[in-house]
Amino acid sequence: MNRGTLLIHNGHESDPVTGALGVPIVQTSTFDQGDLSQPVEFDYARSGNPTRKALEETIATLESGERGYAFGSGIAAISSALGIFAAGDHIVAAEDIYGGSWRILNTFYRRWGLELTVVDASDTEQIRRAIKPNTKAIFLETPSNPLMKITDLAACIGIAKEAGLITIVDNTFMTPCRQRPIELGADIVVHSATKFIGGHSDVISGLAVTRTKELGQRIYAVQNSFGAVPGPWDVWLVLRGIKTLKVRLDAQERTAQYLCERLLKHPKVEAVYYPGLANHPGKKIHDAQSSGAGAVFSFKTKTAEQAIRFLGKVELAAAAVSLGGVETIASYPVRMSHASIPLAERERLGITDTLIRISPGLEDPEDLAADFEQALN
Ligand SMILES: Cc1ncc(COP(=O)(O)O)c(C=O)c1O
């Protein structure tokens with residue numbers, strides 16, 4: 001089956017007990033274990049819950065993985081996946097991974113003895129050179145945020161496999177409808193389900209999927225021990241969001257392409273960053289590993305005043321953090337997601353005060369284009 005069908009028909013299309021077409025919300029903390037003569041599947045809801053199980057099986061199917069795990073946020077999924085490592089282990093990470101992932105690696109995990117080297121992962125040789133005898137994993141995210149740089153997943157996974165390392169890929173921007181790193185050999189895929197997978201800006205949630213059962217058991221031990229699990233209502237919202245992922249993404253991707261092409265021609269626009277554009281330096285690699293350019297892009301105005309004026313004047317986009325919802329969101333990375341990065345480092349990465357990131361929603365693309373135009377003018 002294609003992903004669009006799998007979003008609906010993945011083994012959880014109807015409840016075996018009642019025939020309900022929605023997965024029941026099992027709101028309980030504990031389960032009656034009867035006369036204790038038989039082992040039970042569910043005993044305590046931190047360890048497992050039927051609503052959560054449906055989401056965990058669904059995301060494993062969609063990502064072509066063996067096991068799936070749901071968490072209370074994307075960063076809970078990421079920090080729990082990183083929880084399988086031990087003091088003295090070394091991780092190589094892309095320098096432009098999500099700021100929260102960088103923060104947890106660089107603060108808490110560093111304090112607990114995990115070593116970190118960050119590299120420009122779009123240059124795979126930098127990854128190879130960063131590997132040390134104690135390296136255990138490579139942490140990647142492609143396209144990167146907010147400049148949409150592309151990392152060659154197959155090449156990086158090849159380097160990781162040669163050195164016996166685990167590859168972790170944050171697939172939040174692409175979703176399994178566009179990119180499936182496990183099919184390329186990655187070992188763990190993580191998601192902020194808060195974004196496209198949930199899709200409606202109404203829930204914070206995270207997911208992790210493993211290629212093997214063994215890695216799944218290691219992540220389950222962290223999930224159960226640290227307990228960063230989501231409640232069944234939030235899980236249900238994510239399950240509901242998943243059903244419309246393909247149609248949302250298809251429409252949002254078309255809008256992203258349309259807006260980028262319009263913005264490219266605007267005299268106040270300095271540059272547009274989107275892997276759907278013919279001049280994107282990573283387009284060839286992106287096209288080889290993904291089935292679409294996704295629905296997030298960024299652009300630079302010529303001056304910081306123009307960027308700030310755009311954010312103030314635009315009417316159909318919320319000036320907000322986050323992405324992947326049905327409403328268009330315009331983010332200003334220097335004041336939002338990347339505010340904590342020192343200025344010199346930000347400038348080195350190209351994250352300037354002229355940069356705006358856009359996540360188009362489901363509004364009419366012509367209305368968005370007209371609104372962007374008036375805001376720029
Ligand atoms: C790529 C990426 N990964 C992870 C996260 C963290 O997810 P959450 O905010 O759900 O904890 C985000 C949030 O913006 C993100 O953009």
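Order of listing sets the numbers, starting from 1, for every ligand and every atom in it. Basis for what follows: all heavy atoms, side chains included, without hydrogens, waters or symmetry-related copies. Each residue takes its place number in the sequence, starting with 1.
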Task: Interatomic distance, N145 atom CG to T172 atom OG1 [nearest 0.5 angstrom] - done: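 Going from the CG atom of N145 to the OG1 atom of T172 covers 9.5 Å.
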Task: Whether over 12 other heavy atoms sit under 6.0 Å from N279 CG - done: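 Above 12, so yes.
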Task: Heavy atoms from other residues, nucleotides or ligands near CH2 of W112 exceed 12 (cutoff 6.0 Å) - done: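 Count over threshold, so yes.
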Hey, what polar pairs (N/O, under 3.5 Å) does ligand 1 make with protein?
unit_1   : atom_1 : unit_2 : atom_2 : d
ligand 1 : 3 (N)  : D170   : OD2    : 2.7
ligand 1 : 7 (O)  : S192   : OG     : 3.0
ligand 1 : 10 (O) : G74    : N      : 2.9
ligand 1 : 10 (O) : S192   : OG     : 2.8
ligand 1 : 10 (O) : T194   : OG1    : 2.6
ligand 1 : 11 (O) : G74    : N      : 3.0
ligand 1 : 11 (O) : I75    : N      : 2.8
ligand 1 : 14 (O) : K195   : NZ     : 2.8

- [ ] Could you list all the salt bridge (Lys or Arg N to Asp or Glu O under 4.0 Å) pairs where at least one residue sits in residues 186-207, not counting sequence neighbours?
- [x]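 As it turns out, the salt bridge (Lys or Arg N to Asp or Glu O under 4.0 Å) pairs with a partner in residues 186-207, which skip direct neighbours, are D187-R211.
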Task: Any residue meeting ring pair (Phe, Tyr, Trp, His ring centres under 6.0 Å) with Y273, in chain and number order, not counting sequence neighbours - done: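 Counting only residues at least two positions away or on another chain, Y273 forms no ring pair (Phe, Tyr, Trp, His ring centres under 6.0 Å).
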Open item on the list: Could you work out, with ring pair (Phe, Tyr, Trp, His ring centres under 6.0 Å) as the rule, every residue matching F297, not counting sequence neighbours?
Closed with: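 F297: no ring pair (Phe, Tyr, Trp, His ring centres under 6.0 Å) contacts found.
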